[in-house]
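Let me begin by presenting the structure, written as structure tokens, before commenting on it.
Sequential numbering from 1 along the given sequence is applied to the chain's residues.
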Amino acid sequence: MASDLNNIYHEKQRLQFCLLHSLNNLFQQKDAFTRASLNSIAERLVLDDPEKEFWTPFSFVFKPHHNSLTGNYDINVLISALEERGKTVIWHDGRNGASSIDLDDGVLMGIVVNVPVKRYAGLWKSRHWIAVKKIDGVWYNLDSDLQAPQCFKDCGEVREFLDFIMSHDGQVLLVKNENRQ
């Protein structure tokens, strides 16, 4: 049976902060991560970047790991943020399909997917982060573009969703509660 939707934390999309929203939705907590904390991670990644001498004047706004005005954080920020919280991120090999994902794995905190999106009649192409999480025994799509979380009827439907994502150039990342693979 589905959990009471009122008890599920669900941030809605604002600008291009979908990574921020997906992390907070994954942790089921407002401000588990903030714009400032993700910006700090992105800045630290820049300091460690051996290619930083190749920056351009546009790098002030369009930084290597995020856009300083709108957000739009990259995978490096996601992995660093989760590792700081003791989580392990495993990039799922899409050639294996979703059937190889153990959705009942006791250490699986949730799934983060990254999908291509087209907006403004296809003129703007980007990518979007989405959290998928099991809450009280029920899997939910916590996409910040949705008005409310959407529950999956069973693990089969979750796998169908993930297979669809992977067949349309999407990436699937498993987030585990342990710091090892």
Side-chain angles (χ1 to χ4, degrees), residues 1-35 37-38 71-75 77-117 119 126-181:
M1 174 144 204
S3 297
D4 181 5
L5 289 180
N6 293 327
N7 295 328
I8 296 175
Y9 183 76
H10 180 247
E11 282 187 10
K12 295 190 181 79
Q13 187 66 29
R14 200 171 44 85
L15 296 174
Q16 290 182 309
F17 290 107
C18 54
L19 179 62
L20 172 65
H21 305 314
S22 67
L23 286 170
N24 288 338
N25 289 341
L26 183 67
F27 278 78
Q28 285 294 286
Q29 179 182 347
K30 180 181 177 163
D31 295 333
F33 294 90
T34 63
R35 183 175 175 183
S37 67
L38 295 183
N72 204 16
Y73 300 96
D74 74 4
I75 183 70
V77 175
L78 171 79
I79 291 171
S80 294
L82 289 167
E83 285 179 348
E84 284 181 5
R85 301 288 177 95
K87 308 303 177 197
T88 299
V89 178
I90 300 169
W91 208 305
H92 179 70
D93 185 345
R95 296 173 296 181
N96 296 328
S99 63
S100 65
I101 299 171
D102 182 0
L103 296 174
D104 294 317
D105 182 352
V107 296
L108 183 63
M109 178 188 192
I111 300 168
V112 177
V113 297
N114 186 253
V115 297
V117 293
R119 300 190 195 274
S126 186
R127 297 194 67 88
H128 181 67
W129 295 102
I130 301 168
V132 178
K133 184 170 177 72
K134 189 175 190 178
I135 302 168
D136 295 331
V138 178
W139 281 95
Y140 288 90
N141 178 345
L142 301 171
D143 186 348
S144 58
D145 276 341
L146 297 174
Q147 287 299 312
Q150 291 183 345
C151 69
F152 294 100
K153 66 180 177 182
D154 56 27
C155 288
E157 193 174 46
V158 176
R159 288 189 177 93
E160 286 175 19
F161 172 75
L162 296 174
D163 280 332
F164 178 83
I165 295 290
M166 290 184 283
S167 70
H168 288 85
D169 194 30
Q171 303 295 317
V172 173
L173 301 135
L174 308 177
V175 180
K176 297 202 171 195
N177 281 316
E178 56 187 16
N179 230 349
R180 62 178 175 82
Q181 295 182 9

Could you please spell out the steps behind the side chain to side chain contact (heavy atoms under 4.5 Å, CB included) verdict for V172 and M166?
CA-CA 7 Å; V172 173; M166 290 184 283; 3.6 Å; yes
Show, in sequence, the C-alpha distance, side-chain angles and deciding distance for V175 and I111, and conclude whether the side chain to side chain contact (heavy atoms under 4.5 Å, CB included) test is met.
CA-CA 6 Å; V175 180; I111 300 168; over 6 Å; no
Take Y9 and F27 through the test ring pair (Phe, Tyr, Trp, His ring centres under 6.0 Å) and record every step on the way to the result.
CA-CA 9 Å; Y9 183 76; F27 278 78; over 10 Å; no
Applying ring pair (Phe, Tyr, Trp, His ring centres under 6.0 Å) to F152 and F161, what does each step give before you reach the verdict?
CA-CA 9 Å; F152 294 100; F161 172 75; 5.3 Å; yes
Verdict with reasoning, E11 to S22, per side chain to side chain contact (heavy atoms under 4.5 Å, CB included)
CA-CA 8 Å; E11 282 187 10; S22 67; over 6 Å; no
Would you please test Q28 and I8 for side chain to side chain contact (heavy atoms under 4.5 Å, CB included) and show each step?
CA-CA 7 Å; Q28 285 294 286; I8 296 175; 3.6 Å; yes
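Under the side-chain hydrogen bond (donor to acceptor under 3.5 Å, both in side chains) criterion, N141 pairs with no residue at all, not counting sequence neighbours. Residues meeting the salt bridge (charged side-chain N to carboxylate O under 4.0 Å, His left out) test with D102, sequence neighbours left out: none. By the side chain to side chain contact (heavy atoms under 4.5 Å, CB included) test, I75 pairs with L78, I79, W91, W129, L173, sequence neighbours left out. Taking D105 as the reference, K176 meet the salt bridge (charged side-chain N to carboxylate O under 4.0 Å, His left out) condition, with sequence neighbours excluded. Q29 pairs by the side-chain hydrogen bond (donor to acceptor under 3.5 Å, both in side chains) definition with nothing, not counting sequence neighbours.
R85 places no side-chain N or O within donor-acceptor distance of the main-chain N or O of N177, the cut-off being under 3.5 Å. With S167 contributing its side chain and F164 its backbone, the two residues share a donor-acceptor pair below 3.5 Å. Distance alone, capped at 3.5 Å, places no donor-acceptor pair between the S80 side chain and the V77 backbone. With hydrogens and angles disregarded, no donor-acceptor distance shorter than 3.5 Å links the side chain of N24 to the backbone of K30. Put simply, the side chain of K133 gets close to the backbone of M109: a donor and an acceptor are under 3.5 Å apart.
Checking I101, V112, V107 one by one against L174, the side-chain contact (heavy atoms from CB on, under 4.5 Å) holds for a single residue, I101. If you run side-chain contact (heavy atoms from CB on, under 4.5 Å) between N25 and each of D143, V132, L142, only L142 comes through.
Note on residues 153-173: pairs passing salt bridge (charged side-chain N to carboxylate O under 4.0 Å, His left out), not counting sequence neighbours, are R127-D169.
With contacts defined as side-chain heavy-atom distances shorter than 4.5 Å, the pair N7/I135 does not qualify. Under the 4.5 Å side-chain criterion, counting only non-hydrogen atoms from C-beta, V113 is not in contact with Q171.
Closest non-hydrogen pair, H21 versus S144, comes out as CB-CB, 3.7 Å. Contact record, W139 with L108: CH2-CD2, 3.8 Å, taken as the closest heavy-atom pair.
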